[in-house]
Amino acid sequence: MKPWRKVAVIGAGLTKFMRRALETGRELSFYAVKEALSSSGLKFKDIQSVVMATAPDAFDGVHMKGEYLADGAGGFKKPYMRSYVGGGSGVFAIIHGWYMVASGMFDTCLVVAEEKMSSCQPHPQGAFNSIYDHTLERPLGVNLLWIFALEMQRYMHVHKISEEEIALVSVKNKKNALDHPSAQVAEEVTVKDVLNSEIMAWPVRRLMVSPTSDGAGAIVLATEHIARRVSEKPVWIEGVGWCLDTSFWTNRDLYYPDYVEKAARMAYEMAGIKEPSKEIHIAEPYDPFAYKELHHMEGLLLCKRGEAPKLTAKGVTQRNGDLPVCPSGGLLGVGNPIAAAGLMKICEIFWQLRGEVGKRQVPGNPKRGVAQAWGDLMQVGTVVVLGI
Amino acid sequence: MKEQRVGIIGVGAVPARGVSPDVSYREMIFEAAQKAYEEAGIEPQDVDTFVCLSEDFNEGVSIFDEYVPDQLGAVLKPVHTICGDGLYGIASVFMQLRTGVFQIGVVEAHSKLSNIVIRGEVEEMALEPLCSRWTGFHPYFVAGLEMRRFLFETGFKEEDCAEVVKRMKMNAMFNPLAAHPAKISVDDVLDSKPIATPLKEFDIAPQADGAVVIVLAREDVIRSLKKDAVWIEGISFFTGEPHLDSRDFGKATYAELSAKKALEIAGIKNIRKNVQLIELCDVFSYKALQHIEATGLCKKGESGILLKEGFFDFDGEIPVNLSGGHLGIGSMPEATVLYQVLEVVKQLRGEAGKRQVKNATIGLVQSWRGIPTSSGATLILGV
Amino acid sequence: MKKVEKNTEIRIWKGEISVYYLYTPGIAGEKFFESLKDGKFIASKCSECGKRYIPPRIYCEECLSEIEEYFVVPNSGVVESWSEVYLTADENFLDKPVLIALVKIDETDGKLILKALEKVEIGDRVEIVFEEKREGRISDIKGIRRR
Amino acid sequence: MKVRGKDLKKEEFERVIKIEYHPKLLYAWDAGYAVGKFLSGLKEGKILGIRCRKCDRILVPPRAFCELCFVPLDEWVELKDTGRVNTFSISYISWDVKRLEKPEIPAVIEIDGASEGIGILHLLGEVKPEQVKVGMRVKAVWKKKEERVGAITDILYFKPLEGELK
């Protein structure tokens, strides 16, 4: 079903992604918002509503942290709402902003994503323990890496994928990130480096994992008549989709993300896309772990099941390839302040379509891109198609 | 097609209670969902979008939205969480239905507060960490300071707040879903333990466990289903001053802003003339009075006087919190306000039994996110 | 739907979220807490709309301008509210309550919640007393006293 | 684009003002009907599943409703305490990202008697990391009867069935 109103992205801003930021979460949010506003052509007084995305309260260590972050995000005396789908929150944020504006309730919406993971001790990963079932899983002494390792193993097993093929994703994204000013862990590494990095939870190795980060991002959304008036290059939200699978994750075959496919189909239908691999020019799938980029390319229907590693090996997903994937450098290279990392992908598509990314620019004047995030217990897919 | 209305076609709730050790949150929500779908005459497959309300630390689970789809029949469907009270959930679904993409949406809220061993520890974490957590006090101190300031600015006495408690708990006697009905006196409230003066134990709504599910749909769908709906005439949500250091402690800014906007959307100029019943947040006794004034029902300093005169009673001019409110139903951070929505829906449909208000066509529901926030919403329902 | 029928069959599973936190005060907060060490109050002021913040902020919540102006404000203010607090965060009941007050700090639009060292009323002018030994925490403030 | 933020190096982080805060985030979760009965089963040394009459799946861990059919469930089935490894990991990292001396082997184990693909999360033991394979047949190793309390840890781990380690 087509939405009744068109919504555009007209501004975007990011902070640096950092292991330990001096700034508070409220201050990081402000930096991102200020940058997004100044690039949008709107003033703060023109902003009618604010959306906040931020992942577990257990990172920042503030209960109801959406309320705590409100002032830095521009929520003072404004309609302000926080949505939440775990790791999918960053890409969901723009969907939330989209329906606020597409509903006709608001003409403009400021969408902010923040994460300050460094407050959490002894290690931010500790906060993730509490995502497992409290009665049937946590007593086993769980850690976050388990679920990724279990999923990666299953994916590799079903499609007979090698570690080398997965390592290529780390190599590509970390290199792409060298050109990203926000990047936290950009570096030139080889497949050998990745395969020699220590095993964390086999088959996951250190260089296949994104870091924990502090950071924020923001975008400005506007309804059609405002976007056309104030923006020279509005980027349209052509399709949105989201989908949540069962929490009984041990009852599913993890080799394929059905929830991503469902979310993608919803977004493509809205955007009128029939052949995603041909009609989409850039993709920013969620890549907190190297295999995830491949897994998600398949869920996004950008290739057949099990084919993503082959395309990667052929160089198709390089910036100058036929289908550039994570030209930003992704979470593996730029960093992973959870919700902000998702919004970073939206920012990347926005800037790529406007031709504003300098050395990161993919060739051929791309007209359409897809961004996707994932979260929860390998369970939620959030997908957005942007176009000019 | 552009300005399609949105209406409520089904509500379901389990009776609120102090503890609920015989059921898991999943089982509680499943029961509420079954009731709501049955009333709406739909199956979960018919639903296009689901919104769940929760905060991680209240559940003891990070990324709690993982655990919501199954008991709602929402597996592999669009589902997301809103971190706000129940009215934020209704606002979210309302907006989604108005995009034109969705036809039927569901809002879910629940509470298992009884599962938190030391709730004060969780609540303290909502305070800004560097300047507001130094005390080691239960955050009720914020309410104590607010209450004193409110009494100072209005000239009300603690007795006036105690009147609220007496009346709300009495109202709850007639609501089978309420967890904390009681017949008590003003003196009982005044004699209760001081918590953060002038706030006393009975000024605070006792907590409860419960679950509510509400089904909303777009006008064209409601027509084709041949259902009677309770329509959303206006909805608005606002954050006031998020931090304590710049807040006006005598005022509920969020309530003033959201009520004004919601009434404007509904085209209501005179709330006293056009609204027949009101449900508002009374999680602390003084909040009821503050919110009565903030919605524009009366001037500042009048609410307590009108309350004593019976203006807000069942047989008064405009009944307030016939459900019993937070003080009577029990405090459930996201869910209580949806029990209040349920009350207004039943009233407007003429299904409220003994406590049925005559000729009610418009009702207003107002919410607050609780300490230490300054966020809240207003919903106007009509038939 | 089946439910538990005997209370002897009721099962509860206990657990916790076992993390702790190191909070840092950020750019404006670092300035504020550093100045507390010297027994001074630092506020910040929006050059666009004039709103003055204590604790200071690097942005104005009203107009979202960036704030760069910091200034020292007097250790004094006016009581806007007060309370005797009996209940602690870990839900213990104090025999002897602690008196706290909401104090609007002079020459700012900001308020702090502080311990009151003596009985106060709304409207009282008060001064802020610092601890002898200070380490850059809000607890460096001993409390308030009437002027 | 202006990209801001100050990344504190480790020694800079040592110098800035910090407030340490230890919350007591304690919970006592109600297990309810389905999980409660499952825990009671574990205490008896049994793995209980539940069957949906509508879709005919036998599910574990049990739940009071079918998440696909949206109907209540109450038909209990005693499952075997054997199963098959669906996927596994060899984890060298503790929850707070410290290096483990001896790796842990978490796995999703499809339980015999439950429908195909229906498994639970548990640990593998009495097996060398390099011997573990997807598809390996395993059996629960239980705590002694008097030590069982009605917890998922009443099963210590699953070990390979005889003949699986060739």
Side-chain angles (χ1 to χ4, degrees), chain C residues 1-42 55-59 64-68 87-92 112-113 131 133-141, chain D residues 2 4-8 10 12-44 48 50-53 61-66 69-76 94-97 148-154:
Chain C
M1 183 179 152
K2 288 264 262 187
K3 292 205 170 135
V4 175
E5 282 165 3
K6 294 183 187 140
N7 61 5
T8 50
E9 286 172 1
I10 284 172
R11 282 192 178 269
I12 285 166
W13 186 261
K14 290 185 181 172
E16 62 183 313
I17 298 180
S18 54
V19 287
Y20 70 98
Y21 297 95
L22 280 178
Y23 301 109
T24 51
I27 295 176
E30 186 81 12
K31 288 190 174 58
F32 179 68
F33 287 108
E34 281 296 336
S35 75
L36 280 186
K37 283 188 191 165
D38 305 329
K40 274 192 209 140
F41 267 161
I42 293 237
R57 301 187 197 182
I58 63 165
Y59 51 84
L64 225 65
S65 309
E66 185 150 1
I67 297 183
E68 272 146 7
L87 192 66
T88 64
D90 52 4
E91 299 187 351
N92 285 313
L112 293 172
I113 296 166
E131 295 282 0
K133 245 190 98 188
R134 296 184 291 266
E135 44 179 1
R137 303 218 179 304
I138 198 74
S139 53
D140 291 353
I141 302 170
Chain D
K2 212 154 98 189
R4 298 166 77 179
K6 163 96 180 115
D7 194 7
L8 295 171
K10 215 156 183 192
E12 290 172 313
F13 183 69
E14 297 305 321
R15 277 203 304 274
V16 297
I17 288 168
K18 288 177 288 293
I19 305 282
E20 194 170 323
Y21 182 82
H22 292 257
K24 284 177 241 158
L25 299 167
L26 311 177
Y27 300 87
W29 296 284
D30 297 319
Y33 169 69
V35 173
K37 198 155 172 145
F38 180 64
L39 294 177
S40 298
L42 291 171
K43 191 160 188 263
E44 303 300 316
L48 295 179
I50 203 159
R51 180 170 165 267
C52 174
R53 275 185 277 271
R63 57 218 70 168
F65 47 83
C66 176
C69 308
F70 201 68
V71 292
L73 303 184
D74 50 35
E75 194 181 323
W76 291 87
S94 66
W95 67 275
D96 55 350
V97 196
R148 294 202 292 259
V149 294
I152 192 67
T153 47
D154 288 349

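Everything quoted here is computed from the prediction, not taken from an experiment. Hydrogens, waters and symmetry mates play no part in the numbers below; they use all other heavy atoms, side chains included. Below, chain A is the first sequence line, B the second, and so on; all start at residue 1.
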Checklist entry - How are the rings of D:Y21 and C:Y23 set relative to one another: parallel (under 30°), tilted (30 to 60°) or perpendicular (over 60°)? => result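 Plane angle between 30° and 60°, so tilted.
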
Item to check | Winner by heavy-atom pair count (cut-off under 4.5 Å) against chain D, out of C:I17, C:D90, C:I10 | outcome: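 Most pairs with chain D among the choices: C:I17.
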
Item to check | For chain D, the option from C:E30, C:E135, C:E34, C:E16 that forms the most heavy-atom pairs under 4.5 Å | outcome: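 Ranked by contacts with chain D, first place is C:E30.
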
Item to check | Stepwise side-chain contact (heavy atoms from CB on, under 4.5 Å) test for C:I12 and D:D30 | outcome: CA-CA 5 Å; C:I12 285 166; D:D30 297 319; 3.8 Å; yes

Next on the checklist: Please classify the contact of C:K3 with chain D as side chain, backbone, both or neither, using a heavy-atom distance under 4.5 Å.
Outcome noted: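 It is the backbone, since no side chain atom gets that close.
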
Next on the checklist: Report which part of C:E5 has an atom under 4.5 Å of a heavy atom belonging to chain D: side chain, backbone, both, or neither.
Outcome noted: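 Neither part.
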
Item to check | Pair C:R11-D:S40, side-chain contact (heavy atoms from CB on, under 4.5 Å): steps then yes or no | outcome: CA-CA 8 Å; C:R11 282 192 178 269; D:S40 298; 2.9 Å; yes

Item to check | Backbone N/O of D:K18 and side chain of C:R137: donor-acceptor pair under 3.5 Å | outcome: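 Side chain of C:R137 to backbone of D:K18, a donor-acceptor pair under 3.5 Å: yes, one is there.
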
Distance-minimising heavy-atom pair for [X] and [Y]:
{"X": "D:G150", "Y": "C:W13", "answer": "O-CZ3, 4.0 Å"}
{"X": "D:Y33", "Y": "C:V4", "answer": "CA-CG2, 3.8 Å"}
{"X": "D:I17", "Y": "C:G136", "answer": "CG2-O, 3.6 Å"}

Checklist entry - So do D:F13 and C:L22 actually touch side chain to side chain, heavy atoms under 4.5 Å? => result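 Yes, close enough: below the 4.5 Å cut-off.
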
Checklist entry - Does a side-chain heavy-atom distance below 4.5 Å link C:K14 with D:L26? => result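 Result no, sub-4.5 Å side-chain heavy-atom pair not found.
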
Next on the checklist: Does any backbone or side-chain atom of D:A151 lie under 4.5 Å from a heavy atom of chain C? Answer side chain, backbone, both or neither.
Outcome noted: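 Contact with chain C involves both backbone and side-chain atoms of D:A151.
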
Checklist entry - Measuring from D:I19:CD1 to C:S139:OG, what's the distance to the nearest 0.5 Å? => result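 Answer rounded to 0.5 Å: 7.0 Å.
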
Item to check | C:K2 NZ to D:L73 CG distance, which is reported to the nearest 0.5 Å | outcome: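 These two atoms lie 12.5 Å from each other.
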
